[in-house]
Each structure stands twice: as C-alpha cells, then as structure tokens.
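Each chain gets a letter, A, B and so on, in the order its sequence line appears, and its residues count up from 1. On a predicted model such as this, the values are computed, not experimentally measured, just so you know.
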Number of protein chains: 2
Amino acid sequence: MKLLLSPVSVPTIETGLTSIARNVAELTGRVNSPLGKVNMSSDGARRRDVTVADVAKAAQVSKAQAARALGNYGAVSDDVRERVLAAAEELEYRPNELARSMNTGKSHTIGVVVGDIENPHFGLATRGITDTAKKSGFNVILINTDENTAAEMDAVRVLLDKRVDGLIVAPASSVETEHLRRVHESGRPLVLLDRSADRLAVETVAVDMAAISYESTRYLLDAGHRRVAFISTLRTDAGYSVEMRLDSSQISDRIEGMRRAFADAGCEFPEDLVRLNAGDAGSIRSLTREVLLGADPATAVVASDGLIALSVVEAIQEMRLRIPDDVSFLMYDDFAWTRLTTPPLTVVAQPVYEMGAAAASALIRQIEGRPPVAPAPEFQAALVRRGSVGPVPVAVPAP
Amino acid sequence: MKLLLSPVSVPTIETGLTSIARNVAELTGRVNSPLGKVNMSSDGARRRDVTVADVAKAAQVSKAQAARALGNYGAVSDDVRERVLAAAEELEYRPNELARSMNTGKSHTIGVVVGDIENPHFGLATRGITDTAKKSGFNVILINTDENTAAEMDAVRVLLDKRVDGLIVAPASSVETEHLRRVHESGRPLVLLDRSADRLAVETVAVDMAAISYESTRYLLDAGHRRVAFISTLRTDAGYSVEMRLDSSQISDRIEGMRRAFADAGCEFPEDLVRLNAGDAGSIRSLTREVLLGADPATAVVASDGLIALSVVEAIQEMRLRIPDDVSFLMYDDFAWTRLTTPPLTVVAQPVYEMGAAAASALIRQIEGRPPVAPAPEFQAALVRRGSVGPVPVAVPAP
DNA sequence: GTGAAAGCGCTAACAC
DNA sequence: GTGTTAGCGCTTTCAC
C-alpha cells in the first residue's frame, strides 16, 4: 500500500499528491492517513468499482489522459503519468478487462475443450497449454465434454460467445465436425489436439498413431502373439467390424497400424478381439474377461489409454493370471505408476505435455497473426519396453 | 441452417420472411437461396460480427425489441419475436457475452486457482467443479500456480480484472493470505479448497486432516511402528522443527494429528523423520533413502500425496526393500493405481470429486445470494487398509 | 500533450 | 408492446 512516488522527490509532485489525497477523500467520502487503506469495505455490500473516470478526477486530468497513462499507450507527460498512477494506487484502481476487451476485440483468453480433465493425459496436456499460455499473457477457459459431441458443440458455442481469441479442441469425434468447421470459417484461430477432424484443414497437434501402433504390434507379433486384443472407450453404435467407419482418427489410426503389421507378417488380424465401447470400470473388466476366456482367447491385451489400463490390469489380477507369463500387456500413455507394478508395464509413451505446449504456441501464433514457423514439429510416440510383454504361453492357462 | 418457421404457416409471416431475406441480402452484400449459408467466410478476414442492430434492421424492428426477443426478457409480441429470431438465425447472430456481462455485471464465469492441474488430485477436484458449474450455467477459468504464492496473487488479480463472479482457490499458503482477504473484502464470493487460510473467515471445503492423520498414525503405532517418516512437498526455508510455523494448514494439521497420536500412545514423536521440501522425483528419492538408511531408520513411511508416493515407492523398490516386510507404507489420496501394486497400498481416501463439487455449489450459492444450506457438509477422509502396512521387522534389514 | 466526444454491443430506464 | 435514450468502462479518433 505504498505510493509509487516518494513525496519528497520533486516539489511539484508533492503538490500533486496533496490534491490527489483531497480528491480521493471526496470520492471515498472519508479522510485517510497518507498510507492507510483507502477503501475499507468490510461493510458487506460491494461498492461500485473504481473506474478511469474516478482516477482521472482524483488526478485532475481528463479521462482520456488517465486511460492512456493506465493502459500505457498514446502520449502522456511524465507529470500526468505520475499523478494518475499515484491516484490509481491510492484508489486501488483495477482495470475492467471486460470493457477493455470490448473495444480492443481481444480477450487474451483461449478456450480449451477436452474430453475429460480427470484423465491424467488431459491433465498433463492442459498443464502444457496453461504454462505456455501464461508466458504470452493468455488465460484459459476450460470446458469438459465427457467425450460427448453435443457437449462439445455447446462448449464451442459458449466459448465463441465469450469472445475467446482462439480455441484448442481435442475433438470427441473426427466425423461430426460441422461445429469446428464453423469456428474455422468464422475466422477464429483453432488448433486440434490429439485427434484430427475429417476434411478440415486445421493445424493439428498429434502423434503419428498409425506408425507407433504398427511398431508396437510388430513387437507383439515378434514375441509370437497372434491373438491380440485391443480395448478402447470409443463409443460406437455397433460392435467392431472391418468395414465400419470409426468416429475417432486416433483409434482408427491405431487399428490401421495393427492391421498393417499383421498383414506384413502374413497373419490374420484378430478382428474379433477389437472391443470398443469400454465405459466404466465394470464394463472394462467384463470385456477383459471376455477376450481372455473365449474359445480362442487373446494372448496379449492392448489398452487404449491409462484409465482403461487400470481396469484391465485389475481384471487380469482378479483372474489370477500372471503378466507376462499367462498374458502380455501393452498400454498407451506412460504414467509414473506403470513403473511400480510387478512387472513394470510396457507402454507407448507420448510427449503429452509438449503437445499441449505446442498446441498453445501454435494457437497463439495464429492469434497474433504470425506465420507458421518452418515445418510444424512432428511428434513421435515411443515404445517403452518394460516387463509386461513376454512370449506366448505354450499351453492355454486353465481358467 | 433451417429457418425456425415454415414460410407457409401464416401469410403475414411469409411477408416478414421475404423482407427479412431482402434486408439480409443488403447487409451481407449478396443474394442467397432460402436455405443456403448466408455468411460464407472462407474468405480469410474475419468480418465484423453480427450485432443486435443488424438483426433489428433485418427484422425491421427497433434495436430494443430485437434485444428483448434475443435475450428473452421484457415484453415482445409473437410476431416480432418470430421475425427477430428468423433474422437472427439467417444472419447467424451470436450474442456478445462480453457486452452482456458489461451491463449485467455478471460474467457467469468462476475462477479456479490450483497448485498443479497435472496432479490427479486437482484433476479430479477440477472435474467436480466444472461439472457442477456447468449445471448452473457457469464456466471456469483455470489458473495454475505451481504452488507459488506470488503466482497465486497474480492469478487472483487477473481473475478479478476479468470480472469473474467468484473464485475457488486452493491456497498455496495458509499464512500469506493478504490477497485472499482482499478478494473477500472486495465483496466477491470466495471459497477455499483443501486448505484454509489463517484468520480468514471464508467458506472452506476440506477434510478434517488432523482427525484422519491421528487415526492412521494410530494404525501405524498399533502395528508397532515408532519410527514413522513423513514426506511432503511443502516448501520451507529451513528443515522441520517442532516450534516452526508451517505454511500449510493441511500439512500442519497432519503433523499435529501424528503428534497427538504419538503422545496418546506415550511414545516420542520422531521429529527427525519429518521431511519437507520434497520437490522433483530425484529429491524425493534421496529423501526416502535418507530416512530409510540413517542410524535409526524409519520403519514406516507416509507420503503426503500421490506424486510423492510414486517416487517414494520407486525409491523403496530400487533399494530392494520389500513392502511391507522391510518397510511399511501409507499415502494420501486413493488413486486407482494404488490397487495395482504388489502389495496394494494402504491409503487415506479423500472425497476429492465431491469436495470440488461442494466448493462449486457453495460458491454459486454465494454468487446467487442464497443463504448457506443447513450446516455445511463435513468431509471425512477414510483409511483404506490394504497391504502396505505390516508389523515392524524384527531386525533392521541389511542395506 | 491534451481533452472532448464517439463508439464497442449490449441492457435497462423511460416514455409513449 | 414498442421505440428512444442512456449508460456499462474502456479505447480511439479527432481536433486543438
């Protein structure tokens, strides 16, 4: 609560401060000691906010000059600037960013739309986004869609209405993308995270899923596995079949990678072991049981994300099957806890934080109208071989 | 892109639509087919947004009437409402929430300030907050402070400048709370999460840490442990000592609970095993080694949160110590992965999601000026006994 | 350098 | 019911 200037610096300024004090007292309706709190306000009711007009009056300058000094733009003499700043400090003036945004058209806010912030994958990505945004002076409005396209359309609309400067969306669907197309066409910067959108030429930050899926499937094939199950939360109307068009680029890319690997190895892709619609922990557990207990059971299971992985491993443990002796296991996302299980789990590590950060910088670059730097950086996932993938068991384990 | 009304419904309306179409064409500078897109805008530059004035002109009513129909308030005849809505649809009008907020004084946005969104604890709490906020039509601006008070002060200021309707803060410090007091005194609703703030009478949603700490310490004492280590990220200037005043109510409550349990059991509290300032994975590992390898080593370790727990368990495994045979382990927060280790971990479960949700409803209640419901709900943590706490080993394990 | 005045897009009095 | 007219708090011409 100190004044910006020492009252002894220059005589003229001292006069300034004095009259400021008087004007401040008039405005607040009370006399105050030089360094005391001006706005006592434990008195319940929220008083009218202090505005530039108030500051201007106290500093005895025009509103325009006060605004210039406060927003530091335009031309302001040192004398005026000092008086204004002192008055602002004294009155505890705070700019109304809403009003500011209204005439500048910039809100310095970006909207982030994710499927589930509770999922550490998005938690980490969000951290990458917020860290980067903060560095450039941007704030983040976060909306959760629960991987539901209707909620996503809503989210996008709300964010646009709030006049965010740009959007980062991890689309729930790669097919239903009309709302995203609209954002893009409206001219507001948009960056996609994790998943792409069909026929929408928008900057997208994601890893090459087909490639890493191919690589990790190769790894399983090399270990002798032919019956590989793939479990994903992706919601579909029917069970999986080859010809169906999947809603998520991310998942279809992964399955595509698996198919290619099987084809290249001259093996038949175990289409019957692809399980979608894995929802809550219970359903994941029963899906796991299904693929592991059928007539021709899976010898390896691939979990599509960390949340699924938890339930799959739990189910496997409940079935008293050993990893990797009885069944091999592979999962997407490298969380710290995957090193703590016995054995530690083999995972596909994605540079999640970096991708969030990259999405944010790309968006901010667009917002600020700067051209893309060189070729957009490619993100590669990596297969981290730990202990959960082993050779195919010789005999099928007794249930 | 369908019109709200079928043009055949009533003759007068048909006329209305026709003139709307004409006026729309004038505004957009192009003629368009009845059901076609009006605002083609792949043409790069973001055009001026459509405003109520535009809609009013197209619908041939006053700005006020258009605004009333659009914001549905005040009195509007069916005829006018229909024409306005049709015009709005046709022009793809979207309200400017910024402008709306400016005159209503409500932004329908709440600010959430947490230490680290990457920590699943906050991820889950945030989910509770956003879910609840959405139900009441509120959005969330999320700011990460990295558990740094300066960043928190900044965050609060920014949020206030953006005129959020209220704030939920998980304070980095229970001692440096001037900035929070200011929020409170300024009259803007504030709810604290997880930790309380000294001498600040603000609604706070947190579990009774002292109680659960007492209970879990009793559990360890009953198992024979006397040398119990406690590892926390809490930053302090010096090492821990009894008389020091801790910056976090959460941590001091826990230590307080431990002390009481030790005192009640007639045992001496192993003050030398309290380790603060646990930062990155590396430092946590070395702290763990320290308490486990000293002259009078710990026989049980308590990890203050999930992130710390990961590194502690990892360190224990690296040291080739077995849990719970060589060392017992207890941690705060019940994450799904704690059931996957061998043995599964004994944890203190907190209703994190519910607390986030409760914080949000309390805040929204305050924002809407409703009185507190009955006594605020108490949140209790629970000790979940799994397999990581065992009896004290008879002989000290050889290093 | 400075100040008066005109917006930004909306809501809210206030007349009719 | 409807239209006119003020604002909200700020930025931004445009004169001086």
Separation of atom CG in B/Asp79 from atom P in D/dG3, rounded to whole Å:
11 Å

Any donor-acceptor N/O pair under 3.5 Å between D/dG9 base and A/Asp49 side chain:
no

Flag side-chain contact, heavy atom, 4.5 Å: B/Leu70 against B/Pro95
no

Just to confirm, is there a sub-4.0 Å distance from OP1 or OP2 of C/dT11 to any side-chain nitrogen or oxygen of B/Arg100?
yes

Over how many whole Å does the gap from B/Arg68 atom CZ to D/dT4 atom C1' extend?
10 Å

Looking at B/Ser62, does any N or O in its side chain come under 4.0 Å of the phosphate oxygens OP1/OP2 on D/dG3?
yes

Taking OP1 and OP2 of C/dC8, is either one under 4.0 Å from a side-chain nitrogen or oxygen of A/Ser101?
no

Assign each of B/Val61 and B/Asn103 the nucleotide of DNA chain D bearing its closest heavy atom; nearer the 5' end lies the nucleotide of B/Val61

Quickly work out the A/Met102 CE to D/dT12 P distance and round it to whole Å.
13 Å

Might you work through the side chain to side chain contact (heavy atoms under 4.5 Å, CB included) test for A/Glu152 and A/Val113, ending with a clear yes or no?
CA-CA 7 Å; A/Glu152 183 177 302; A/Val113 181; 4.1 Å; yes

What one should report as the nearest heavy-atom pair of B/Lys134 and A/Ala151 is NZ-CB, 4.4 Å

Please give, in whole Å, the distance from C/dG7 C1' to B/Leu98 CG?
16 Å

Let me know the distance between CG of B/Asp54 and P of C/dC8, rounded to the nearest Å.
11 Å

Expressed as a whole number of angstroms, how long is the span from B/Lys63:NZ to C/dA13:P?
16 Å

With a 4.0 Å limit, can you tell me whether B/Ser77 has a side-chain N or O closer than that to the phosphate oxygens OP1/OP2 of D/dT2?
yes

Base D/dG9 to side chain A/Arg94, donor-acceptor N/O within 3.5 Å cut-off
no

Shortest non-hydrogen separation from B/Ala69 to B/Arg81 and the atoms involved:
CB-CA, 4.1 Å

Taking OH from A/Tyr93 and P from D/dC10, how many angstroms apart are they, rounded to a whole number?
4 Å

With a 4.0 Å limit, can you tell me whether B/Tyr73 has a side-chain N or O closer than that to the phosphate oxygens OP1/OP2 of C/dT11?
yes

Looking at the side chain of B/Thr104, which of C/dT11, C/dG1, D/dC10 is the nearest nucleotide?
C/dT11

Quickly work out the B/Gln65 CD to C/dA12 C1' distance and round it to whole Å.
13 Å

Between B/Leu190 and B/Val202 the two heavy atoms that sit nearest each other are O-CG1, 3.3 Å

